[in-house]
Amino acid sequence: MESRCDENDIWTGKAKDPSVPRATYGTAQKMRAAISHKFGRDYQLGTQPWLEHPAKPGIFIGNPSLSVTISQYMVSLRRRKIRAGEAVMSARAMDEPTMKRLWEFAWSTDRKEFGPISRKRKAENPSEWAGFLLREMLYLLYLLSMLCLLRYDEALRITWADVTFQVSYQSAQFRVKLELPFRKTHQYGGIAPFYIYADPDRPWMCLLRAFAIWWLLAHERHRELNGFIFRKKIGSSRELKLICYTQTSDSFLECFRNNLLDINVDPRPYGTHSFRRGGCQFLHTVRGWSFRKICDWGGWAENFDNPGTIFKYLLSWNDNPAEAREHYMNPNRPGCDPCYSCGRTCHCG
């Protein structure tokens with residue numbers, strides 16, 4: 001980590017030659033996480049800091065990657081990277097207006113006959129990288145990751161057996177019950193299910209509608225639905241194989257970037273974590289959820305051992321500004337979109 005990411009040579013202490021490649025601070029974080037996992041899981045040293053045994057001087061216990069020395073080095077490395085001009089940033093959060101544009105573009109795509117597309121046609125029409133079927137599947141993946149605060153690998157592992165279409169007998173409402181087979185924070189079970197209801201006021205943010213549409217489209221291609229919900233992309237939607245191969249993370253990121261280019265949005269600031277961050281901000285600012293409710297819904301630790309995590313999801317300079325700074329204290333600033341419940345356009349909520 002020190003030899004690949006640091007600006008200084010570990011043997012001489014002098015600055016490296018400009019021709020020597022340097023890895024980013026984000027790469028250093030991933031390397032430390034991999035080392036911590038190796039010591040914690042394979043060597044069974046746990047997640048406790050590396051400290052000297054209080055009763056046995058000279059003997060150390062805990063995870064060496066979590067020592068105070070390594071933590072201080074990471075802080076120093078980040079400071080020096082920023083001083084050198086490297087922008088340490090998280091993926092830009094996905095917002096509701098961008099999701100609406102993706103939804104509108106998907107529904108504007110014509111449904112065409114199944115069949116391969118020539119390279120010449122793809123070159124002349126860049127939007128032909130995907131058809132209606134693939135775009136609807138991708139939009140369900142985007143919306144599911146955003147509203148349920150899922151990591152992309154958690155969403156890609158969902159199968160049709162994990163989804164139950166049911167009726168809530170208390171209010172006679174149709175809903176979807178989602179039971180995840182795996183979560184990063186619950187690897188040994190005990191995962192609380194998600195109950196998803198319709199949102200008629202925001203059809204572009206209605207996860208139940210997206211589930212129903214993809215269920216109908218998938219039934220057109222295959223009578224018996226089993227295996228993964230999000231299938232492997234081979235070519236365009238005319239070659240979307242409804243077989244038991246889940247979509248890979250690389251394919252997901254490639255499709256997401258192509259989708260953003262379709263609506264003239266620069267895909268470079270976005271990543272696979274954009275939906276989890278965007279969903280956290282959407283639930284807090286638009287839906288008015290409390291921090292505790294968001295943590296419970298998203299599966300964050302119940303003991304709140306790292307309270308700074310939730311604020312990293314809510315705030316980042318890399319995100320799109322929700323409102324112009326000049327209107328923060330303006331009593332006559334323009335109103336916002338009407339509330340679908342009370343109809344108010346003020347900013348009090």
Side-chain angles (χ1 to χ4, degrees), residues 1-43 45-51 62-95 145 149-154 184-185 248-250 252-254 256-257 260 265-281 298 300-301 304-321:
M1 182 168 61
E2 201 172 8
S3 62
R4 289 189 57 190
C5 304
D6 209 312
E7 295 293 323
N8 300 324
D9 189 274
I10 60 175
W11 305 110
T12 63
K14 298 180 180 179
K16 295 179 181 177
D17 189 84
S19 62
V20 179
R22 283 93 156 166
T24 62
Y25 176 75
T27 302
Q29 287 182 306
K30 295 177 183 177
M31 293 172 68
R32 187 193 183 190
I35 297 172
S36 302
H37 182 273
K38 183 69 175 180
F39 280 112
R41 291 294 181 86
D42 295 354
Y43 297 146
L45 296 180
T47 58
Q48 298 299 320
W50 178 255
L51 299 172
N63 195 318
S65 180
L66 303 179
S67 65
V68 176
T69 303
I70 298 296
S71 299
Q72 291 175 343
Y73 172 76
M74 294 298 293
V75 173
S76 174
L77 178 64
R78 185 177 188 273
R79 186 184 302 115
R80 284 183 279 116
K81 286 287 188 181
I82 295 176
R83 189 181 302 156
E86 179 182 317
V88 181
M89 70 181 77
S90 56
R92 176 175 294 178
M94 178 59 63
D95 53 11
S145 302
L149 306 181
L150 301 182
R151 302 167 183 86
Y152 74 95
D153 55 336
E154 297 171 348
K184 178 182 177 181
T185 53
T248 63
S249 58
D250 293 338
F252 165 61
L253 187 57
E254 178 188 359
F256 176 42
R257 288 171 175 170
L260 291 175
V265 173
D266 185 1
R268 288 175 294 182
Y270 294 90
T272 55
H273 220 56
S274 297
F275 298 101
R276 184 168 163 88
R277 291 196 66 242
C280 185
Q281 296 181 15
W300 273 285
F304 298 99
D305 55 348
N306 190 8
T309 302
I310 185 69
F311 292 101
K312 292 179 181 179
Y313 280 81
L314 291 173
L315 300 174
S316 175
W317 69 269
N318 191 36
D319 296 335
N320 291 322

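Positions are given from 1 along the sequence.
- Using modelled atom types, one side-chain atom of Asn63 and one backbone atom of Gly46 make a donor-acceptor pair closer than 3.5 Å.
- Looking only at side-chain heavy atoms (C-beta outward), Pro267 and Glu254 stay at 4.5 Å or farther from each other.
- Shortest non-hydrogen contact noted between Lys81 and Ala23 is NZ-O, 2.8 Å.
- Ile70 approaches Ser65 most closely through the heavy-atom pair CG2-O, 3.5 Å.
- When all heavy atoms are compared, the tightest approach of Ala93 to Gln281 is CB-NE2, 3.5 Å.
- Under a 4.0 Å N-O distance rule, the pair Arg268/Asp266 qualifies as a salt bridge.
- The minimum heavy-atom distance between Asn8 and Lys16, with the atom names listed, is O-CE, 3.6 Å.
- Ring pair Phe275/Phe256 is tilted by interplanar angle, where 30° to 60° counts as tilted.
- Atom-to-atom distance recorded for Lys30:NZ and Ile35:CD1 is 14.5 Å, nearest 0.5 angstrom.
- The CG atom of Leu253 sits 8.5 Å away from atom OH of Tyr152, with the distance rounded to the nearest 0.5 Å.
- Shown are Arg80, Gln72, Arg78; of these, the side chain to side chain donor-acceptor pair (under 3.5 Å) with Ser76 is made only by Arg80.
- When side chains are defined from C-beta on, Asp6 counts as touching Tyr73, because their heavy atoms get closer than 4.5 Å.
- Contact check for Leu77 versus Glu7: no side-chain heavy atoms found under the 4.5 Å cut-off.
- Using a distance-only test at 3.5 Å, with no hydrogens or angles considered, no donor-acceptor pair links the side chain of Arg22 to the main chain of Cys5.
- Inter-residue side-chain proximity for Tyr270 and Arg257 is flagged as unmet; no heavy-atom pair is nearer than 4.5 Å.
- Looking only at side-chain heavy atoms (C-beta outward), Pro64 and Leu45 come within less than 4.5 Å of each other.
- Inter-residue side-chain proximity for Tyr25 and Met74 is flagged as met; some heavy-atom pair is nearer than 4.5 Å.
- Taken from OG in Ser145 to CZ in Arg277, the straight-line distance is 15.0 Å, to the nearest 0.5 Å.
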